[in-house]
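Quick caveat: nothing in here was measured; it's all calculated off a predicted structure. Per chain, numbering begins at 1; letters A, B, ... match sequence-line order.
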Protein chains: 4
Amino acid sequence: MVSDPPRPARARSPEEKGQRRDDILRAAERLWAHTPYADLSMNQVARETKLAKGTLYLYFDTKEELFLALLTEHLGRWLEELTALLDERGPKTPGEVADVLVASTRGHEALRRLLILLGTVLEHNVSLELTLSFKREVRTLLQPVLDRVPLPQGVTLRLLMHLYALSVGWQQVTEEQPSTGYLRRQPELAFMFPSFEKELSFSLHAVVDRLVAETAQV
Amino acid sequence: MVSDPPRPARARSPEEKGQRRDDILRAAERLWAHTPYADLSMNQVARETKLAKGTLYLYFDTKEELFLALLTEHLGRWLEELTALLDERGPKTPGEVADVLVASTRGHEALRRLLILLGTVLEHNVSLELTLSFKREVRTLLQPVLDRVPLPQGVTLRLLMHLYALSVGWQQVTEEQPSTGYLRRQPELAFMFPSFEKELSFSLHAVVDRLVAETAQV
Amino acid sequence: MVSDPPRPARARSPEEKGQRRDDILRAAERLWAHTPYADLSMNQVARETKLAKGTLYLYFDTKEELFLALLTEHLGRWLEELTALLDERGPKTPGEVADVLVASTRGHEALRRLLILLGTVLEHNVSLELTLSFKREVRTLLQPVLDRVPLPQGVTLRLLMHLYALSVGWQQVTEEQPSTGYLRRQPELAFMFPSFEKELSFSLHAVVDRLVAETAQV
Amino acid sequence: MVSDPPRPARARSPEEKGQRRDDILRAAERLWAHTPYADLSMNQVARETKLAKGTLYLYFDTKEELFLALLTEHLGRWLEELTALLDERGPKTPGEVADVLVASTRGHEALRRLLILLGTVLEHNVSLELTLSFKREVRTLLQPVLDRVPLPQGVTLRLLMHLYALSVGWQQVTEEQPSTGYLRRQPELAFMFPSFEKELSFSLHAVVDRLVAETAQV
DNA sequence: CATGAATGAGCCTTCATTCAT
DNA sequence: AATGAATGAAGGCTCATTCAT
């Protein structure tokens, strides 16, 4: 029996409140790892956080907002990792940049699934204001990456959008179904089960090459 | 007073039953054109078809199955168009093939949105059997295309999977939100609103080129 | 142990549906007799009717609509009684009319409490259309009474509005509180606990007299 | 930048505590002017008072108590005005008294709406003790009026109860609904929209006359 | 005295699906 | 085959009140 992690009874200071908010996001994250959005109720999140349902709404106005915050977080974390990777590997050629980008997506399936949500569900019960501020924040978070990629900023932005589309697209295509094991083993259907990373890498390199070719040309 | 479209009170013969099934799909299609899946109830479909709710369940076991059938249909239609286009234009170079593929996606937003559903919602409340038969059917539908693309069959299959991922990915990224007008006009956010067809074309050509290069190399 | 009253499993014919609707209204009525609106949940109504919660919403779009329907019913019943009373007693003098009106209010506390609701809660979650049709229906229901009161129609309508205001007013003032017994027995507070019928009668006669005097004068 | 109105950080002396209590009542009053009871949350009152939610409960045990206090206040103010009016106009005839009473109701819609609450909501979550003390206080507040009306005290008390019932009744009947504009303009429904003051005056005069007649008779 | 985070029962309503007719 | 009334679990969310700080 594991005792509950110590947590102040009431989050009083801004730090504690941030911590509480974080607790909620962590709980949502744990559930999100293996539960589709529609099956994931605020009730569950509350139980997982060991908070009352109403308390959730002290920190997030709606379910959508909660998940938008989760997305923002994951996006931030990924961009941090990407930045670190760029610093570490100091990619000089476009191909190296592509490699780094692909490498950075590892272990971020949760993020990819959240990105799918973004277009599908989020931004529906969310105010225009929040959408705007989300997009602005994303733009800000992108800057360190832009500063480190040895390509013109506009090109890098376009490249990142391609990465976004490709990640989401390949995520959808390769998404693990409850019991696809049997299907996978049918030879004539094998082509329907590509490897996420392999194909992402393939297409991203293709895009980078073309982007570079086009840039050079101009 | 307009009389209802002639329809047998009861569908007895297989033809009539097929017709009834088709009526339902047509109704679902009309609604799907401007309604997200979550907002689209079986009740609405029933009303639109002018059938009772229960009747729907004589033709489709679940809501998911209905939409899976709709997806199959759209897929079929698109592949027909693509086949016709391939016959008509007789593309010889890979670049021409890419052009034809891109062209074939025009007017098929509904299909793209259904493909997003496929990974997100469909195949959840659907039996393994049905999933299998769906995938097999897709494989079959693909054959005429494979026969017409001047590339090795395996390469074409892979290319089609790339097209799938790219369509879905760019669809998500460029999906029109209720009121993105304002956001779109923010210059620093402009990069977030690319054109579906332009970017799809760009990345598909890139992928085709690379696919060809790799194939040649081997 | 009382066996459940026989009720068709499904209300199929219009009559049965009317019956089912009636069942719900009867249940709501029973609860309403001793429960304030705010404490009376749709859940309770469902339990009392022995129907599922969702079923209620097949017959009434909102809680408010249900109670508006209940009010309409009670109003109808009261007006029927009033009509019968007018026929029976054939009041000739205004004073006799007042007596009949007062007599007609006996046993209609539920109606009075519903009328209080009307201004307070109902007509809030109710469409303008429904409000309009409610008011029109009331106007229609009034006609038999207008036809039987030996006063000009305009005067009778005004009189009925006075009856409305007086009933509601005295209802509020004399409303039985959970445990007012003790208070009632304080002599210096006795004036705060008048008798509904006595005071209603008093003021209604006063109003009738004045109405007649004014009418004669013109 | 506007500095907050000066208010001690903590109310220590009885005066300060009375002041704090008053602040809360003022805030509730402002909100009450245009918000129905059900839509008026303690949260709003707290925000409007610029106090924390919990602080409200140091001064009032429940929401109902708060509004009962507000009612007491309004009642007190109205009775002061009425007293002043009685002094000023020195009404001699019962008709003049009625005129003064009607005149005194002007600008007191908030009070009338609170009186409706009294029967409907208040006195529910309120202790018997508080109810008793409220009623006693009302009795006390009434005395100055009783001393100035040229009628036997018992008659005046009864008259005041009639005024209470009539005010509440006509308030309910004439209460302005969100968008009754359209309904009001339907000629056959016009009788449903009488004027508060006109009808109150009419019925109060009627009652006064009868009260006098009855008194004389005895 | 003041705070405001936390509570949690409870609200109304929705909707895919079932099944008696 | 067709109907549509009935189901009932589940949903997101509110808010008066409490209590640790």
Side-chain angles (χ1 to χ4, degrees), chain A residues 8-13 16-17 20 38-46 50-64 66 125, chain B residues 8-13 16-17 20 38-47 51-64 66 125, chain C residues 8-13 16-17 20 38-46 50-64 66 125, chain D residues 8-13 16-17 20 38-47 51-64 66 125:
Chain A
R10 259 135 218 258
R12 202 131 257 287
S13 67
E16 281 168 348
K17 286 172 70 173
R20 187 65 33 113
D39 300 350
L40 206 167
S41 72
M42 289 298 265
N43 233 328
Q44 276 178 73
V45 177
K50 282 177 181 142
L51 284 173
K53 221 186 318 180
T55 310
L56 261 46
Y57 286 88
L58 256 31
Y59 294 90
F60 301 97
D61 280 349
T62 63
K63 188 185 175 190
E64 283 79 15
L66 195 166
N125 200 358
Chain B
R10 263 152 199 257
R12 286 171 200 282
S13 67
E16 282 168 348
K17 287 172 70 172
R20 187 68 36 114
D39 299 351
L40 208 167
S41 71
M42 289 298 266
N43 225 331
Q44 276 177 73
V45 177
R47 265 201 309 274
L51 283 175
K53 227 184 314 179
T55 309
L56 262 44
Y57 285 85
L58 297 177
Y59 295 91
F60 302 96
D61 281 350
T62 63
K63 188 184 176 189
E64 284 77 16
L66 196 165
N125 203 355
Chain C
R10 260 136 218 256
R12 201 131 259 284
S13 66
E16 280 169 349
K17 286 171 70 174
R20 187 66 34 114
D39 299 351
L40 206 166
S41 72
M42 288 299 263
N43 232 329
Q44 278 177 71
V45 177
K50 283 176 180 143
L51 285 174
K53 224 184 316 180
T55 310
L56 261 46
Y57 286 87
L58 257 31
Y59 294 90
F60 301 97
D61 281 348
T62 62
K63 188 185 175 190
E64 283 79 14
L66 196 165
N125 201 358
Chain D
R10 262 151 200 256
R12 285 170 201 285
S13 67
E16 281 168 349
K17 288 172 68 172
R20 187 67 35 114
D39 299 351
L40 207 167
S41 71
M42 289 299 265
N43 225 331
Q44 278 178 71
V45 177
R47 265 202 309 275
L51 282 174
K53 226 185 314 181
T55 310
L56 262 44
Y57 284 86
L58 296 175
Y59 295 91
F60 302 96
D61 281 350
T62 65
K63 190 184 174 190
E64 284 77 16
L66 195 166
N125 202 354

Q: Rounded to the nearest angstrom, tell me the gap between atom NZ in C/K50 and atom P in F/dA6.
A: 16 Å
Q: Check the distance between F/dC15's P and A/L56's CG and give it to me in whole angstrom.
A: 17 Å
Can you tell me how far [atom2] of [Y] sits from [atom1] of [X], rounded to the nearest 0.5 angstrom?
| X | Y | atom1 | atom2 | result |
| --- | --- | --- | --- | --- |
| C/D39 | C/Q44 | CG | CD | 8.0 Å |
| D/L58 | D/F60 | CG | CZ | 11.0 Å |
| C/T55 | C/R10 | OG1 | CZ | 9.0 Å |
| D/L40 | D/K63 | CG | NZ | 6.0 Å |
| A/S41 | A/K53 | OG | NZ | 8.0 Å |

Q) Is the shortest heavy-atom distance from the side chain of A/R20 to the side chain of A/L51 under 4.5 Å? A) yes
Q.
Between F/dC19 and A/R10, counting only base atoms on the nucleotide and side-chain atoms on the residue, is there a donor-acceptor pair under 3.5 Å?
A. yes
Q.
Can you give me the closest heavy-atom contact between C/Y59 and C/K17, atom names plus distance?
A. CE2-O, 3.6 Å
Q: Please report the closest heavy-atom contact between B/A52 and B/A46, naming both atoms and the distance.
A: C-CB, 4.0 Å
Q: Let me have a per-nucleotide readout for nucleotides 10-16 of chain E, 5' to 3', with B, S or -, counting only protein heavy atoms under 4.0 Å.
A: BSBBB-S
Q.
For DNA chain F, please output the secondary structure as dot-bracket, reading 5' to 3'. Pairs are Watson-Crick or G-U wobble, both atom distances under 3.5 Å; mark crossing pairs with [ ], other-strand partners with |, unpaired with a dot.
A. .||||||||||||||||||||
Q | Touch class at under 4.0 angstrom, heavy-atom based, for D/F60 against every strand present | A | nothing
